Amino acid sequence: MPTNTAVRPSKNLKSKRPYKKAEAPVFQGIVKSLHLESIFTDDKDLALKAMGVILLGYGLGNSFCKNMVTLSYPVQDELTREGESWFTARFTNGPNDLIFTSFWIIAFTYIRALLMKSYFAPIGKRWGIRGSKLERFEEQMYILVYYAISWSSGM
């Protein structure tokens, strides 16, 4: 039997049909086509390394990496004071916003994977949750944390 198949126990336990385990085909396909299996092991690893390269470039003064990490189009008008912090300044939109958004997509992918596998999985295992219910528990805990932070920030 191939290594990526398993036997699914049915409810009546008479049938033992093999089925293919769930994989991340897009990620694995890209990694395999570029022969990078030894560098990237999972989505969390890919997102962490991509963020590291971007933040290193930002620290070294690369303008592309700066556009990924910071907003690009401050508005200078009568409501904006000179030297105002980016946190309170006003911005308009432009093409570099796509670059900025792409970084935060990578960042939130990493944060989600980190929280789910490093924090919520051990909690679920400690509470006796196993299998697909553990995956569901991890997802629901992430959603709880995400919405709690989003709601609190919005209020």
Side-chain angles (χ1 to χ4, degrees), residues 4 6 8 19-155:
N4 63 349
R8 178 188 313 199
Y19 71 99
K20 192 171 185 175
K21 287 185 178 179
E23 297 174 351
V26 173
F27 172 72
Q28 289 179 351
I30 293 169
V31 168
K32 285 180 183 177
S33 67
L34 296 175
H35 306 291
L36 299 173
E37 294 94 348
S38 62
I39 298 172
F40 300 113
T41 56
D42 60 9
D43 291 334
K44 182 173 70 171
D45 192 38
L46 174 65
L48 176 62
K49 289 178 179 171
M51 280 180 47
V53 168
I54 293 165
L55 292 174
L56 179 65
Y58 174 73
L60 294 174
N62 183 296
S63 62
F64 183 75
C65 293
K66 183 180 182 206
N67 290 339
M68 291 188 95
V69 178
T70 60
L71 293 170
S72 300
Y73 302 101
V75 174
Q76 294 296 322
D77 59 8
E78 65 277 354
L79 298 175
T80 307
R81 294 184 297 278
E82 189 65 35
E84 189 172 15
S85 165
W86 72 268
F87 191 72
T88 57
R90 295 176 348 118
F91 293 85
T92 187
N93 51 357
N96 285 347
D97 291 341
L98 294 173
I99 299 168
F100 178 76
T101 305
S102 67
F103 171 75
W104 287 104
I105 289 171
I106 295 169
F108 278 112
T109 300
Y110 172 70
I111 291 167
R112 179 180 185 270
L114 175 75
L115 288 174
M116 287 176 61
K117 299 301 176 193
S118 299
Y119 295 102
F120 303 143
I123 291 170
K125 287 177 184 175
R126 193 174 321 133
W127 290 352
I129 303 169
R130 300 281 184 255
S132 63
K133 291 189 182 215
L134 180 62
E135 292 174 18
R136 180 76 174 151
F137 173 79
E138 293 171 15
E139 292 169 359
Q140 293 300 309
M141 287 296 293
Y142 175 74
I143 290 170
L144 174 72
V145 169
Y146 178 80
Y147 283 128
I149 292 171
S150 297
W151 182 83
S152 300
S153 299
M155 291 306 284

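Keep in mind that what you see is a predicted model, and the values were worked out from it rather than measured.
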Enquirer: What's the shortest heavy-atom distance between T92 and D97, and which atoms?
Expert: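 The answer is O-OD2, 4.0 Å.
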Enquirer: Give, for atom CE of M141 and atom CE of M116, the distance between the pair rounded to the nearest 0.5 Å.
Expert: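 Here the interatomic distance stands at 11.0 Å.
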Enquirer: Please determine whether the number of non-hydrogen atoms from other residues, nucleotides or ligands lying under 6.0 Å from atom OH of Y58 exceeds 12.
Expert: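 It does not: Y58 OH has 12 such atoms or fewer within range.
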Enquirer: Contact between E139 and R112 at the side-chain level, heavy atoms closer than 4.5 Å - yes or no?
Expert: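 The answer is yes; the side chains approach within 4.5 Å.
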Enquirer: On a heavy-atom basis, which atom in N96 and which in Y73 lie closest, and how many Å separate them?
Expert: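 Closest approach of N96 to Y73, heavy atoms only: N-OH, 3.2 Å.
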Enquirer: Could you grab the distance from atom CD1 of I106 to atom CD1 of I111, nearest 0.5 Å is fine?
Expert: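 Output value for this atom pair is 12.0 Å.
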Enquirer: Looking at every heavy atom in both T109 and I105, which two are closest together, and how far apart are they?
Expert: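 So the two residues come closest at OG1-O, 2.7 Å.
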Enquirer: Say you draw a straight line from OH of Y142 to OH of Y147; how long is it, rounded to the nearest 0.5 Å?
Expert: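 Separation between the atoms: 9.5 Å.
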Enquirer: What are the two closest heavy atoms between A121 and E138, and how far apart are they?
Expert: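 Shortest heavy-atom separation between A121 and E138 comes out as CB-OE2, 3.1 Å.
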Enquirer: State whether the side chain of S102 and the backbone N or O of I99 hold a donor-acceptor pair below 3.5 Å, judged by distance alone.
Expert: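 Such a contact is found between S102 side chain and I99 backbone.
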Enquirer: OG of S72 to CG of N93: how many Å apart, nearest 0.5 Å?
Expert: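 Interatomic distance, S72 OG to N93 CG, rounded to 0.5 Å: 11.0 Å.
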Enquirer: Looking at residues at least two apart in the chain, or sitting in another chain, which of them share a ring-ring contact (aromatic ring centres under 6.0 Å, His included) with F137?
Expert: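 Scan of F137 (ring-ring contact (aromatic ring centres under 6.0 Å, His included), adjacent residues dropped) gives W127.
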Enquirer: Testing the basics here: between C65 and V53, what is the closest heavy-atom pair and its distance to 0.1 Å?
Expert: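 That would be SG-O, 4.5 Å.
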Enquirer: So L71 and F100, side-chain contact (heavy atoms from CB on, under 4.5 Å) or not? Walk me through it.
Expert: CA-CA 7 Å; L71 293 170; F100 178 76; 3.5 Å; yes
Enquirer: When L115 is tested against each of Y146, F120, Y110 for side-chain contact (heavy atoms from CB on, under 4.5 Å), which residue passes?
Expert: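 When Y146, F120, Y110 are each tested with L115, the side-chain contact (heavy atoms from CB on, under 4.5 Å) holds only for F120.
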Enquirer: Distance from M68 atom CE to L55 atom CG, nearest 0.5 Å?
Expert: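 Going from CE on M68 over to CG on L55, the span is 9.5 Å.
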Enquirer: For a 4.5 angstrom cut-off between non-hydrogen side-chain atoms, does K133 reach I129?
Expert: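 Result yes, sub-4.5 Å side-chain heavy-atom pair found.
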